Amino acid sequence: MTKVYVMATCPDCSEVKAKLSGNPDFDIIDIGEHVRKLKEFIRLRDSSPAFDSIKACGSLGIPCFVSDDGRISFDADEFLNEFYSSGASCSIDGKGC
């Protein structure tokens, strides 16, 4: 299951949450809901080199997608397109349900 770190007050995150609502393949983690979720995200952000360029430009790094294999992505469109084009959809042509 892919973890998706978001925050309710982030416009990009709101769009991602709407697109993934009800999809059991994604674990939506709102880092603003509880300090434990925020700490989990901060540990990831502080330890992963994937965040180096994000931190260098002063960004937080959400929405953040962490796949089962540990790959980290910050581009929602790119990640979702890759996910849905990889055969994870329910239609025969791979274009969704």
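Side chains are part of it too, since the values below use all heavy atoms of this structure and drop only hydrogens, waters and symmetry mates. Note that the structure is a prediction, hence the values are computed from the model and not measured.
Residue pairs meeting the ring pair (Phe, Tyr, Trp, His ring centres under 6.0 Å) criterion with at least one member in residues 3-23, sequence neighbours excluded: Y5-F41. Listed by first and then second residue, the salt bridge (charged side-chain N to carboxylate O under 4.0 Å, His left out) pairs that reach into residues 57-75 are R71-E82, sequence neighbours excluded. Applying the salt bridge (charged side-chain N to carboxylate O under 4.0 Å, His left out) test to pairs two or more places apart or on separate chains, those with a residue in residues 3-17 are K3-E40, E15-K19, K17-D30.
In terms of heavy-atom proximity, A76 sits nearest to V16 at CB-CG2, 3.5 Å. Between P24 and G22, the shortest heavy-atom contact is CD-O, 3.3 Å. Closest approach of P63 to C13, counting heavy atoms only: N-SG, 3.7 Å. Considering all non-hydrogen atoms of both residues, S14 and A8 come closest at OG-O, 3.5 Å.
Hydrophobic clustering (ILVMFWY, side-chain heavy atoms < 4.5 Å, transitive): I29 and L20 are in distinct clusters. No continuous path of ILVMFWY side-chain contacts below 4.5 Å connects V4 to L38, so the two sit in separate hydrophobic clusters. Linking ILVMFWY residues whenever their side-chain heavy atoms come closer than 4.5 Å, directly or via other members, places M7 and V66 in the same cluster. Following chains of ILVMFWY side-chain contacts shorter than 4.5 Å, one can reach L60 starting from F74, so the two form part of one hydrophobic cluster.
Every residue was checked against the side chain to side chain donor-acceptor pair (under 3.5 Å) condition with R43, not counting sequence neighbours, and none meets it. With sequence neighbours excluded, the residues forming a salt bridge (Lys or Arg N to Asp or Glu O under 4.0 Å) with K37 are E33, listed by chain and number.
Taking SG from C64 and CD1 from I31, the interatomic distance works out to 9.5 Å, rounded to the nearest 0.5 Å. Put simply, NZ on K39 and CG on D46 are 13.0 Å apart, with the number rounded to the nearest 0.5 Å.
With contacts defined as side-chain heavy-atom distances shorter than 4.5 Å, the pair V6/I28 qualifies.
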Can you give the donor-acceptor pairs under 3.5 Å from side chains of residues 48-57 to other protein atoms, not counting sequence neighbours?
{"from": "S48", "atom 1": "OG", "to": "A50", "atom 2": "N", "distance (Å)": "3.2"}
{"from": "K55", "atom 1": "NZ", "to": "R45", "atom 2": "O", "distance (Å)": "3.4"}

